[in-house]
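Only one structure is covered here, and it is reproduced in the block below.
Note: hydrogens, waters and symmetry copies are ignored here, and every other heavy atom, side chains too, is used. Every chain is numbered from 1 and lettered A, B, ... according to where its sequence line falls, protein lines coming before strand lines.
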Amino acid sequence: MGITKPPCTTSYASHSDLYADVLQSAIKSRDPFVRRSVHARIIKHGLHLGVFLMNNLLNFYAKTGSFSDVHRNTILSAYAKRGNFEAAQRVFDEIPEPDSVSWTSMIVGYNMLGHFDNAIHMFLRMISCGVSPTQFTFTNVLASCAATEALDIGRKVHSFIVKLGLSSVVPVANSLLNMYAKSGDSVMAKVVFDRMRLKDKSTWNTMISMHMHFGQLDLGLALFQEMMDPDIVSWNSIITGYTHQGHDVKALEIFSLMLNSSSSKPDKYTLESVLSACANLENLKLGKQIHAYMVRANIDISGAVRNALILMYAKAGISKLDVISFTSLLDGFVKIGDINPARDIFDSLEFRDVVAWTTMIVGYVQNGLLSDALDLFRKMVREGPKPNSYTLAAVLSVFSSLASLGHGKQLHATAIRLQEASSISVDQEASEMQGKYSNRYALTRIN
DNA sequence: CTAGGGTTAG
């Protein structure tokens, strides 16, 4: 018995060697406290241990023979959670009689990494081997059933749960409920729900989101109102449910109710939904308020929220977009270091006045995109409104940045390009330009 | 030394 050979035997890093030595001597120790603390460390940091270290440990365990099921299951679980199924399976195969933890660890790993079919397959093999599943097995295999909408197997799992008397374990019942909801069996979902004596917030939220998903908005709302102390997930289920069914006004009403009557703070899911409602309703006023809130509350503007925000400004009336709201939009994007969306909106503006141009240029400058700022300025001189003193101040700050960076050549080249593209007369040599720009100079030249 | 195993909802 035992592992014959560590899978990776090449060039050991020296610090890993040392770490492994320490672990090995600690595990060898007769002091049970020391051994326990080492194992605790492995469990706690299992996900962060390198493959090499794991293999080293396995090798050590095999050689010393001090390799109980607990140790093996710990290693097995760490491998499975890392997605190293080959290694996990190898450990699994070394266990003479895999117990429920051995099987469950494999199932957990497969389910976590999205290998749902493997998780289900593992569960079926576990049953046929006569090993009794636990609540941990059930929650995980049910998650895989839910993900693949494997209703047939889900039902079998259900009957096992009843036989083993685990139906009243809240996590198990929640997983079951979720499985039926995701698989589209709302009748059985309701049966499970009604039979639950103990309920979680998750229990209610699962049920609510199922109804909203099926378009049974009144049923979802009824449960929501029946629920004690709804959390942000509950609110979001209702709000997104309404927006998905095209009831944007209703969604915004619920949103306002939430702000006024609940301690729940809107999160990125809430904001994405209400911004999209604002876009559909062309409610730029509210959309701007929400945007301002996001900037104030320092909400992470990225991903879906970012798209919703862009869409809101784009749909909720590009034509109505005034300079003020464009500026506030830009502020938001400058803050997150991504002004490309702002440029898209700038480009699609029907009427661009001097402030819009300047705002855009300032946005580039604040992001350190100096050549973009100058390019846009050049374009402005060519085809836009006449620059004002704010525009010039921004462009001057670009020049001074370039000068202080010692980019004399770039400065010169830019000046020449500006000259070619406009009526600005730049007749100094590059050597004269460095550090010699003043506000007065630029103003007199450009005007 | 009977441990060891991340539940679910937007």
Side-chain angles (χ1 to χ4, degrees), chain A residues 30-37 39-40 42-44 46-47 66-81 88 91-92 95 98-113 119 122 126 131 133-147 161 166 169-182 189 192-193 196 199-213 220 223-224 227 230-244 251 254-255 258 264 266-274 304-305:
Chain A
R30 291 185 182 263
D31 183 345
F33 175 76
V34 173
R35 292 176 50 155
R36 250 203 311 277
S37 71
H39 288 302
I42 295 169
I43 296 152
K44 201 173 168 191
L47 287 172
S66 68
F67 208 37
S68 72
D69 281 0
V70 175
H71 301 149
R72 277 186 289 224
N73 281 334
T74 305
I75 306 288
L76 163 56
S77 170
Y79 275 139
K81 278 193 284 198
V91 179
F92 186 90
I95 303 174
D99 65 5
S100 68
V101 177
S102 323
W103 287 99
T104 305
S105 299
M106 293 297 287
I107 293 169
V108 167
Y110 279 130
N111 179 57
M112 263 181 70
L113 276 286
M122 230 30 205
M126 176 184 189
V131 179
T134 65
Q135 58 162 315
F136 302 104
T137 328
F138 286 129
T139 51
N140 283 286
V141 75
L142 282 171
S144 287
C145 290
I161 290 170
L166 290 171
V169 177
V170 173
V172 173
N174 281 343
S175 305
L176 204 49
L177 184 59
N178 179 51
M179 185 276 296
Y180 282 124
K182 288 279 155 62
V192 172
F193 179 80
M196 285 178 75
K199 292 185 178 74
D200 245 4
K201 259 174 207 172
S202 298
T203 317
W204 290 88
N205 288 340
T206 307
M207 219 41 199
I208 291 168
S209 83
M210 180 190 77
H211 281 133
M212 301 311 277
H213 190 251
L223 278 180
F224 176 79
M227 179 185 186
D231 62 9
I232 185 63
V233 177
S234 326
W235 286 101
N236 287 344
S237 299
I238 298 291
I239 292 170
T240 61
Y242 276 119
T243 56
H244 278 139
I254 305 275
F255 175 61
M258 176 184 129
S264 299
D267 64 6
K268 56 179 182 169
Y269 297 101
T270 331
L271 296 167
E272 184 199 337
S273 284
V274 294
V305 187

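Summarising the geometry, the separation between NZ on A:K201 and P on B:dG10 is reported as 17 Å, rounded to the nearest angstrom. Taking atom CZ on A:R72 and atom C1' on B:dG5, their separation rounds to 17 Å, with Å as the unit. Computed from coordinates, the A:F92 CZ to B:dG4 C1' distance equals 14 Å when rounded to whole Å. One atom, CG of A:D69, and another, P of B:dG4, lie 14 Å apart when rounded to the nearest Å. A straight line from CD1 of A:I254 to P of B:dG10 spans 17 Å, rounded to a whole angstrom. Between the C1' atom of B:dG10 and the CG atom of A:L223 lies a distance of 16 Å, rounded to the nearest Å. Rounded to whole Å, the distance from CD on A:Q135 to P on B:dG6 is 12 Å. B:dT8 atom P lies 13 Å from atom CZ of A:F136, rounded to whole Å.
For a distance-only test at 3.5 Å, the side chain of A:D99 qualifies as a donor-acceptor partner of the base of B:dG4. Side chain A:N140 to base B:dG5: no donor-acceptor pair is found below 3.5 Å. The base of B:dG5 lies close enough to the side chain of A:T104 for a donor and an acceptor atom to sit less than 3.5 Å apart. You won't find any donor-acceptor pair under 3.5 Å spanning the side chain of A:T206 and the base of B:dA9, going by distance alone. No N or O donor and acceptor, one from the side chain of A:S175 and one from the base of B:dT7, sit under 3.5 Å apart.
Base contact: A:T134 has a heavy atom under 4.0 Å from a base atom. Residue A:I232 is in base contact, counting any heavy-atom pair closer than 4.0 Å across all strands shown. Here A:T139 lies in heavy-atom contact (under 4.0 Å) with sugar-phosphate atoms only. Residue A:A146 is classed as having no contact, given no heavy-atom separation below 4.0 Å to the nucleic acid. Contact annotation for A:V108: backbone-only contact, meaning every heavy-atom pair under 4.0 Å involves sugar-phosphate atoms and none involves a base. Within 4.0 Å (heavy atoms only), A:S102 reaches no atom of the nucleic acid at all.
The number of heavy atoms from other shown groups lying within 6.0 Å of NZ (A:K199) is above 12.
Taking A:S105 as the reference, nothing meets the side chain to side chain donor-acceptor pair (under 3.5 Å) condition, with sequence neighbours excluded.
Taking 4.0 angstrom as the limit, A:K81 places a side-chain polar atom (N or O) nearer than this to OP1 or OP2 of B:dG6. The phosphate of B:dA9 (OP1 or OP2) has a side-chain N or O of A:N178 nearer than 4.0 angstrom. Residue A:K182 has a polar side-chain atom (N or O) positioned under 4.0 Å from OP1 or OP2 of B:dA9. One finds a side-chain N or O of A:S209 lying less than 4.0 angstrom from the OP1 or OP2 phosphate oxygen of B:dG10.
For the residue pair A:S175/A:N178, the side-chain donor-acceptor check at 3.5 Å is not satisfied.
Between A:T139 atom OG1 and A:M179 atom CE the span is 13.0 Å, to the nearest 0.5 Å. Taking CG from A:L176 and CE from A:M196, the interatomic distance works out to 9.0 Å, rounded to the nearest 0.5 Å. For the atom pair OH (A:Y242) and OG (A:S273), the distance works out to 13.5 Å, reported to the nearest 0.5 Å.
B:dG4 shows a glycosidic angle more than 90° from 0 and is accordingly assigned anti.
Looking at which nucleotide of DNA chain B each of A:N73 and A:N111 is closest to, the 5′-most match is held by A:N73.
Between B:dT8, B:dG10, B:dG4, one nucleotide has an atom nearer to the side chain of A:A143 than all others, and that is B:dT8.
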